[in-house]
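Below is one structure, written out as structure tokens, with a few remarks after it.
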There are 2 protein chains.
Amino acid sequence: MAALSDSIENFIKQLLGEDTRIEIKRNELAQYFGCANSQINYVLATRFSVDRGYLVESRRGGSGYVRLIRLSTPSADLYESLMERIGDAVDEETAFALISRLRELKLVTAREERLMRSCVCAGAAALPLGCKDALRACVLKSAITQVFKELQEEN
Amino acid sequence: MAALSDSIENFIKQLLGEDTRIEIKRNELAQYFGCANSQINYVLATRFSVDRGYLVESRRGGSGYVRLIRLSTPSADLYESLMERIGDAVDEETAFALISRLRELKLVTAREERLMRSCVCAGAAALPLGCKDALRACVLKSAITQVFKELQEEN
DNA sequence: CCTGTTTGACTATTTTTGACTATTATATCA
DNA sequence: TGATATAATAGTCAAAAATAGTCAAACAGG
């Protein structure tokens with residue numbers, strides 16, 4: 001056992017501690033563990049995926065970083081269920097309903113709700129019928145993901 | 001762990017404060033940050049572009065300077081100019097710059113800014129290369145339109 | 001022999017630097 | 001005074017450095 005991946009996973013969780021977010025340097029971490037850099041990507045992909053309750057952001061280039069955000073369990077569950085509901089395609093009515101739900105839960109302001117609506121239907125309008133729902137799904141998922149990221153930041 | 005560029009950007013914004021213009025000496029600033037002079041040009045180009053709502057003027061030679069002016073356009077014109085700038089297609093970098101400008105003008109909150117960003121790049125991600133920019137344009141226009149609608153309603 | 005791990009070569013992105021160029025005010029000289 | 005040199009600025013552009021991502025092949029434990 002004691003797969004390298006497990007050590008790295010634990011190490012990262014140690015770093016996280018009680019915090020809901022941290023930033024790491026992929027290369028430093030790889031060097032620390034004396035492994036390939038891409039090993040870190042593997043760990044992120046397999047142990048810190050969305051369905052495990054984590055979000056990962058990164059930036060390349062000088063002073064680049066990898067940022068990990070842990071969703072608290074209640075949000076993680078809600079987030080999961082929203083993502084599942086949306087899937088690969090979602091019609092406008094459903095999309096709006098889901099957005100309303102976020103509003104009811106006070107996860108977004110009224111203004112943000114309207115902003116989300118306008119984004120979600122705009123993209124679709126531009127497309128041929130077949131893709132509309134797929135596109136809406138992408139935009140909506142992204143918006144919701146953003147909302148959840150914010151949620152963690154507040155604490 | 002902010003990149004040098006980020007520090008310089010912040011430093012300049014601090015200097016600006018509530019004012020709409022300041023003058024700096026490129027070389028002094030570079031020296032202050034212990035970096036190449038051209039680093040300053042990089043920051044100006046990437047963080048203080050017209051799309052982000054800034055004008056940069058300068059003069060070389062003895063007693064030369066770099067002058068930064070923060071634009072604060074009246075809303076009516078602004079809406080038009082944004083729509084025109086976006087046109088039928090817009091790349092991600094420009095889209096982000098424009099959104100950032102809305103933020104500078106305090107037309108959107110930081111949270112709304114991030115929400116808009118996420119919507120604008122999400123839709124595009126799903127599409128074949130050719131359409132990305134066109135789609136981004138639709139979503140961005142819609143979001144901006146929404147922001148301006150809100151603005152009107154407020155009065 | 002599978003399946004999940006690990007590695008490495010290659011790619012992509014962003015920042016930082018440096019050498020060289022351009023412009024302008026001021027000092028100097030004829 | 002007018003012309004010219006000098007010093008003090010700023011600009012450009014491409015290379016180098018500093019990150020991170022991808023993907024497929026090799027590997028290892030059950």
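Chain letters run A, B, ... following the sequence lines, proteins first, then strands; residues in each count from 1. Since this is a predicted model, take the numbers as computed values, not measurements.
Among the atoms of the strands shown, only primed sugar atoms or phosphate atoms (P, OP1, OP2) are found under 4.0 Å from some heavy atom of S58(B). Using a 4.0 Å heavy-atom cutoff across all strands shown, G61(B) reaches at least one base atom of the nucleic acid. Within 4.0 Å (heavy atoms only), N27(B) reaches sugar-phosphate atoms of the nucleic acid but no base atom. As judged by a 4.0 angstrom heavy-atom cut-off over every strand, L4(B) is placed among residues touching the sugar-phosphate backbone only.
Between E104(B) and K13(B), at least one side-chain N (NZ, or NE/NH1/NH2) sits under 4.0 Å from a carboxylate O, which counts as a salt bridge. Salt-bridge check for D91(B) with K132(B): failed, with every basic side-chain N at 4.0 Å or more from each acidic carboxylate O.
The CG atom of L115(B) sits 12.0 Å away from the CZ atom of R117(B) when rounded to the nearest 0.5 Å.
The base of dA22(C) is paired with the side chain of R60(B) by a donor and an acceptor separated by under 3.5 Å. Contact of S38(A) with dG8(C) (side chain to base): a donor-acceptor pair of N or O atoms is detected under 3.5 Å.
In this model, no donor atom of one side chain and acceptor atom of the other lie less than 3.5 Å apart for T145(A) and S142(A).
Here K25(A) reaches the OP1 or OP2 of dT19(D): one of its side-chain N or O atoms lies under 4.0 Å away.
Atom pair Q39(A):CD and dT6(C):C1' shows a separation of 5 Å (rounding to whole Å applied). Regarding N41(B), its CG atom lies at a distance of 17 Å from the P atom of dT21(C), rounded to whole Å. In this entry the distance linking CZ of R26(A) with P of dT22(D) reads 10 Å, nearest Å.
When each of dT17(C), dT6(C), dA25(C) is scored by its nearest atom to the side-chain atoms of R59(B), the top-ranked nucleotide is dA25(C). Between dT26(C), dT16(C), dT6(C), one nucleotide has an atom nearer to the side chain of A3(A) than all others, and that is dT6(C). Listed candidates were dT19(D), dT15(C), dT6(C). Nearest to the side chain of S5(B) is dT15(C).
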